[in-house]
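Shown next, in structure tokens, is the structure this report addresses.
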Amino acid sequence: MGAGSGTGTDTGAEIGPQPVDGTVEFADSNVVEQRGNVATVQLELENTDEADLLVRSAQRDFRADLRVRDEDDDGTVRVRFNTFYGAEHEGRSAFTAVGDDSVTVRTHATTQSLPMLEAGRYNMIASTETSRIAAVLQLEEPTVGESRSKAIAPGTDVKTVAASEGAVQATAVDMQVTTEKTTVAKGDIARAEFDVSGVEGLLQDPTSRDQLVTATDSRPGAQTTHRLQHTPDRDIEGVETISIDYDAAGGVAPNIQSLSWNDFEILGVDTDNDGHIDRSLTGSVSGIQTTSAGEIVIRFDDPVSISESETFFASYAATNPSKTGTGDVRVRFGSDRYVETGEISYGTDSLGTLTHGVDLHLQSADDRLQTVASLQSLTTTYNSTTDTLVADVDTTHLEPGTYTVRFQVYDDSPVSDDGSVVTERFVVVPPSARISEPTLTNESTLVVNATTNLAPENDVSIRVRTDPLRKGYLLECNTTVERDGSVACEYELPDTESPLNVTMRRDGTQLAEPVQYELPDASER
């Protein structure tokens, strides 16, 4: 047969399976989140480890073109979208991936007034080379609702945040003040929970706790209070001057020329880092000097020493510059013996302890000047599932008295147009306990019951001992406080020696007056 006369040629080679087209799907085609929070968009990938994701506003100009990659080969990529900023902020993208996966912003454009993306519908399109699917991200207006407080035991994981049962979140509240007070035994944690959305995104940024100098009101031109706080990294011994030097370059230095000693609200040292002055320095001040270049020099009659475990605080009156911006601040202890540099910012972005016009602080209801560092004694956590901002206060170093945790959104904050104030009050009292008379249930089993004002789940111990001078015995029961404040322990007595001395302790500190118990005669048991 001649060449080319056949209809086909069998080469004997096997044709392998053709690759299956990669696909992408949304785990949820309708994602709803409050604007300002962090939205999570989950993509499911099959037969591919890469996909494109386009996020585009349906009403206003916003567009972000992303490339996502499944780096751990589990078929899922979860993209977190910080809707407070909506775009890159201080070198950080608004889009990140959970875990080992990655997301890259290829292009991004918007004419919206940022920070805080506007409410509305945002269309999302995910695609591979061979598939394409759409979903919707709906951003709703943020809310400020109710609040509550409770006492919890020390050592409770503050990251495990759950709103109290029955909490109802309001659609909008201008002012909500809770009148009831929660009683907290000194040493326990006072937990204040605020139903508030739209702040999760801004909480990703550093707060005033991390700044060298902050303005109580950071708005341009405001007559306000500046607060300096610094913990040195080594001991500072015997300095006779402390100076605060604002860099006047760029016109963002405050006006402090007329500052006098009467304009200082606080000057002292916090020795245990709870935000309260433990050692005042006001009695050692010999004079205050200011310059037109923006420098304050404080002179002391008695030399001042600050250890590396302590925090120096100064709070004084100042007038902010007339424009927004960030200025350098330098603090010198003893001329140039120890120098620390930092920044202070002016504008709504820096307003409030949580920035952008959102403020959270602890305040003594008995002495307003007692609280120095608004966030120093607060541990904040945000539960995005319940939209709950939680502030935990360690009361170990608080004096007995009434305190207020105050959450405020200023009226020019992007979180709210109207402003909101929510407060929670609690009363710190000395820890106490009362031991009931023990009972003998049989010839050798002793039962001890007690009540305490400690929070549930506190670890306590009840000791039963006889006279140690007579070579008696010591029995110890370690247990936890029940929800109703009750504590119970049971002991097997080694003999019938009497009397028994019963005490109750927490962390080695005695909580109740000892109770003596005479064992009944054998004939009475």
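Although no hydrogens or angles enter the test, the distance criterion places a donor-acceptor pair under 3.5 Å between the side chain of S498 and the main chain of L519. Between the side chain of T423 and the main chain of R406, no donor-acceptor pair closer than 3.5 Å is present. The backbone N or O of D217 lies less than 3.5 Å from a partner atom in the side chain of T224, making a donor-acceptor pair. The backbone N or O of P499 sits nowhere less than 3.5 Å from a side-chain atom of D467 that would complete a donor-acceptor pair. Between the side chain of S413 and the main chain of V415, a donor-acceptor pair closer than 3.5 Å is present. Formation of a donor-acceptor pair under 3.5 Å by the T395 side chain with backbone atoms of G187 is found in this model. S243 contributes no side-chain N or O that, together with a main-chain N or O of V297, makes up a donor-acceptor pair within less than 3.5 Å. Within the 3.5 Å criterion, the main-chain N or O of S432 finds a donor-acceptor partner in the side chain of N453. Using a distance-only test at 3.5 Å, with no hydrogens or angles considered, a donor-acceptor pair links the side chain of Q510 to the main chain of A512. For S444 (side chain) and E492 (main-chain N/O), no donor-acceptor pair under 3.5 Å exists by modelled atom type.
The CG atom of L259 sits 8.5 Å away from the CD1 atom of I298 when rounded to the nearest 0.5 Å. In this structure, the separation between CD on E457 and CZ on R483 is 8.5 Å, given to the nearest 0.5 Å. Residue L360 holds its CG atom at 5.0 Å from OG1 of T353, rounded to the nearest 0.5 Å. Interatomic distance, CD1 of I266 versus CD of Q229, reported as 11.0 Å (0.5 Å rounding).
For D302, there are no salt bridge (Lys or Arg N to Asp or Glu O under 4.0 Å) partners two or more places apart in sequence or in a different chain. Residues that satisfy the ring pair (Phe, Tyr, Trp, His ring centres under 6.0 Å) test with H356, not counting sequence neighbours, are F84, Y85. Residues passing the salt bridge (Lys or Arg N to Asp or Glu O under 4.0 Å) test with E310, sequence neighbours excluded: R279. Take Y338 and apply the ring pair (Phe, Tyr, Trp, His ring centres under 6.0 Å) test, not counting sequence neighbours, and it matches H230, F333. Listed by chain and residue number, F194 satisfy the ring pair (Phe, Tyr, Trp, His ring centres under 6.0 Å) test with F407 (two or more places apart in sequence, or in another chain).
Side-chain N/O atoms of T326 and S345 include a donor and acceptor closer than 3.5 Å. Inspection of the T216 and T225 side chains reveals no N or O donor paired with an N or O acceptor under 3.5 Å. Neither side chain, Q34 nor S197, offers a donor N or O lying under 3.5 Å from an acceptor on the other. If you check the side chains of T311 and T231, you find a donor sitting under 3.5 Å from an acceptor. N262 and S260 form no side-chain donor-acceptor contact under 3.5 Å, judged by distance and modelled atom types alone. Defined by atom type and a distance below 3.5 Å, a donor-acceptor pair is present between the side-chain atoms of D387 and N37. Side-chain contact, R219 with N320: no donor N or O sits under 3.5 Å from an acceptor N or O.
Environment of CD in E513: sparse, with no more than 12 heavy atoms of neighbouring residues, nucleotides or ligands closer than 6.0 Å. Open room surrounds CD on Q223; 12 or fewer heavy atoms of other groups in view lie less than 6.0 Å from it. Around CZ of R78, the count of heavy atoms belonging to other residues, nucleotides or ligands within 6.0 Å does not exceed 12. Summarising the local packing, CG of D100 is surrounded by 12 or fewer heavy atoms from other residues, nucleotides or ligands at distances under 6.0 Å.
When all heavy atoms are compared, the tightest approach of P514 to N501 is CB-OD1, 3.6 Å. The two residues R337 and G238 come nearest to each other via the heavy atoms NH1-O, 3.5 Å. N458 approaches P154 most closely through the heavy-atom pair OD1-CD, 3.3 Å. Residues G198 and P142 share a closest heavy-atom pair of CA-CB, 3.7 Å.
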_If you apply the rule side-chain hydrogen bond (donor to acceptor under 3.5 Å, both in side chains), what do you find for D484 with S486, and how did you get there?_
CA-CA 6 Å; D484 60 356; S486 63; 2.6 Å; yes
*Going through the checks in order, is the side chain to side chain contact (heavy atoms under 4.5 Å, CB included) test met by E343 and D328?*
CA-CA 4 Å; E343 295 179 337; D328 295 330; 3.9 Å; yes
*Between V329 and T341, is a side chain to side chain contact (heavy atoms under 4.5 Å, CB included) present by the stated rule, with each step listed?*
CA-CA 6 Å; V329 184; T341 58; over 6 Å; no
*Candidate pair C477 and Y491, rule side chain to side chain contact (heavy atoms under 4.5 Å, CB included), full reasoning*: CA-CA 8 Å; C477 166; Y491 309 83; 3.4 Å; yes
_Audit row: V460, L454, side chain to side chain contact (heavy atoms under 4.5 Å, CB included) steps and yes/no_ = CA-CA 10 Å; V460 296; L454 298 180; 3.8 Å; yes
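Partner E490 forms a side chain to side chain contact (heavy atoms under 4.5 Å, CB included) with one of T445, L446, T441, V448 and no other, that one being T445. None of L398, D188, T396 except one satisfies the side chain to side chain contact (heavy atoms under 4.5 Å, CB included) rule with V428; the exception is L398. Only one option out of D270, D272, D278 pairs with H397 in a side chain to side chain contact (heavy atoms under 4.5 Å, CB included); it is D272.
Residues P520 and Y517 meet the side-chain proximity criterion, which asks for heavy atoms closer than 4.5 Å. At a threshold of 4.5 Å between non-hydrogen side-chain atoms, the residues T466 and L500 count as touching. Side-chain contact between P430 and K186: absent, with no pair of heavy atoms (C-beta onward) separated by less than 4.5 Å. For the pair L493/Y473, a side-chain contact is recorded, criterion being any heavy-atom separation below 4.5 Å from C-beta on. The shortest distance between side-chain heavy atoms of F312 and L267 falls below 4.5 Å. Taking 4.5 Å as the limit, some side-chain heavy atom of L139 sits within range of a side-chain heavy atom of E33. The shortest side-chain heavy-atom distance between Y410 and L351 falls under the 4.5 Å cut-off. A 4.5 Å side-chain heavy-atom check between I462 and T503 finds every atom pair outside the cut-off.
Under the 4.0 Å criterion applied to side-chain N and carboxylate O atoms, E340 and R330 are not assigned as salt-bridge partners. In this structure, R148 pairs ionically with E193, as a charged nitrogen and a carboxylate oxygen lie closer than 4.0 Å. The pair R332-D245 counts as a salt bridge, with a side-chain nitrogen and a carboxylate oxygen less than 4.0 angstrom apart.
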Going by atom type alone, with no hydrogens or angles, which donor-acceptor pairs under 3.5 Å involve a side-chain atom of residues 280-289 and a protein atom two or more places apart or on another chain?
residue	atom	partner	partner atom	Å
S280	OG	T282	N	3.3
S280	OG	T282	OG1	2.9
S286	OG	R299	O	3.3

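If you look at Y246 and H226, their ring centroids are closer than 6.0 Å.
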